[in-house]
Amino acid sequence: MKIWTYLLALLAGVSLSVEGAIYGELGKTIGKLESSFYNFFVGAIILGIVVLFLGKGSLSYTFQAPKWELSGGALGTIYLTILIIAIPIVGVGIAMISVIIGQIAMSILIEHKGWLGSSKASVNKEKLIAVSLMTISLLLIF
Amino acid sequence: MHILILLGSVIGGVLLSAQSSINGAFSRKSGTYEAAFLTFFSGALLLAILILFFGEGNILKVFEAPKWQLAAVWFGVGYLFLTVVAVPRIGVIATNIATVIGQLTAGMVIDHFGFFGGLSVPFTWERMLAILLMFIALRFIYIGNKKQKDDTK
């Protein structure tokens, strides 16, 4: 049954590209910041309902958590707004490759330094080769 | 102009990666859905303020936008649910790699056919090669992570 789980994860990635492509279009009619706001506003409503029915944790932790743990929303809004600006100009493919390079390079750095509560894992040769190959790939189609 | 867009998108990825570590830390004590809720909720609050001062569009036009465009929110939420299902079964690394493959392939297909009314960018041999390099890179990430796991055993 593992193959189905891989397909689900694949589908998760497809969803990200579809989301970006559609919001790129919505941004042209209602505005870029406004599209981003639409996503976070309606997403908050949907997840509010999900938390009510499926939530097993505690939202009240929000008020005890160190403040840096609360910055996820701010980072997410910048990410989505950048995508909404970029996709109509360069297309979904290039935008996604760029995002993935940033994501992978940063996660290697975070793990190397053990930042943000992550378990430490040093950079190795393979990871450096991976980031170089990705950069070449972006330069190739830019 | 394009180079700035690319750099911007790379920074977008950097921020997304930081976000996933931060949300990971927060969700250990609050719960997965609670962490996602807080992300969307605080993001909406922040954008509401930004729109008041810098908004150049018209949020009310959202009621006139075609419904399929509004459906985009379900893809974002769907992504979240799919990863919540996949991670405990195949692990974070396998999930991320499968996600990236889906993201890249779908991105190229959407570009080629100009799906959803966006820019149409034909699939060329350079793009084919780029995708191939990305897949090889993912293989290296996989090997690099595996080696590390074996070392710590």
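When reading the values below, keep in mind they use all heavy atoms of this one structure, side chains included, and skip hydrogens, waters and symmetry mates. Residue numbering restarts at 1 for every chain, and letters A, B, ... go by the order of the sequence lines.
Taking NZ of A:K32 as the start and CD1 of B:I51 as the end, the distance is 13.0 Å to the nearest 0.5 Å. With rounding to the nearest 0.5 Å, the separation of CD in A:E126 from CD1 in B:I141 is 10.0 Å. Of the inter-residue distances, the one linking B:M134 atom CE with A:I100 atom CD1 reads 4.5 Å to the nearest 0.5 angstrom.
For the pair A:S137 (side chain) and B:A130 (backbone), a donor-acceptor distance under 3.5 Å is present. Judged by distance alone, with hydrogens and angles left aside, the side-chain atoms of A:N39 form no donor-acceptor pair with the main-chain N or O of B:V73 at under 3.5 Å. Proximity of a side-chain donor or acceptor of B:D111 to a complementary backbone N or O of A:G93 within less than 3.5 Å is detected. Between the side chain of B:Y33 and the backbone N or O of A:L54, no donor-acceptor pair lies under 3.5 Å.
Contacts between A:L11 and chain B at a heavy-atom distance below 4.5 Å involve backbone atoms as well as side-chain atoms. Using a 4.5 Å cut-off between heavy atoms, A:I87 contacts chain B through its backbone alone, with no side-chain atom that close. Contacts of A:I82 with chain B are made by side-chain atoms alone, with heavy-atom separations under 4.5 Å and no backbone atom involved. At a 4.5 Å heavy-atom cutoff, the contact between B:L46 and chain A is made by side-chain atoms alone. In this structure, no portion of B:Y142 lies under 4.5 Å from any heavy atom of chain A. B:I110 touches chain A through its side chain: at least one heavy atom from C-beta onward sits under 4.5 Å away, while N, CA, C and O do not. In this structure, the portion of A:I46 lying under 4.5 Å from any heavy atom of chain B is its side chain and not its backbone. With a 4.5 angstrom heavy-atom cutoff, B:L45 does not touch chain A via any of its atoms. Looking at A:W115, neither its backbone nor its side chain comes within 4.5 Å of chain B, counting heavy atoms on both sides. Proximity to chain A involves both the backbone and the side chain of B:W68, based on heavy atoms less than 4.5 angstrom apart. Heavy atoms closer than 4.5 Å to chain A are found in both the backbone and the side chain of B:E126.
A:K28 and B:Q69 share no side-chain donor-acceptor pair at under 3.5 Å.
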Please walk me through it: do B:S30 and A:L59 pass side-chain contact (heavy atoms from CB on, under 4.5 Å)?
CA-CA 6 Å; B:S30 73; A:L59 255 182; over 6 Å; no
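Counting heavy-atom pairs closer than 4.5 Å to chain A, the top-ranked of the candidates B:R127, B:E64, B:M108, B:R139 is B:R127. Most heavy-atom pairs under 4.5 Å with chain A, from the set B:G24, B:A35, B:A106, B:A72: that is B:A72. Of all the listed residues (B:G78, B:S120, B:G76), the one sharing the greatest number of non-hydrogen pairs under 4.5 Å with chain A is B:G76. With chain A as partner, the option from B:P66, B:S9, B:G8, B:G31 having the largest number of non-hydrogen pairs under 4.5 angstrom is B:S9. For the options B:A86, B:S42, B:G57, B:A36, heavy-atom pairs under 4.5 Å to chain A are most numerous at B:G57. When each of B:V77, B:L104, B:V85 is scored by its heavy-atom pairs under 4.5 Å with chain A, the top score falls to B:L104.
Between A:Y61 and B:F26, a ring centre-to-centre spacing shorter than 6.0 Å is recorded.
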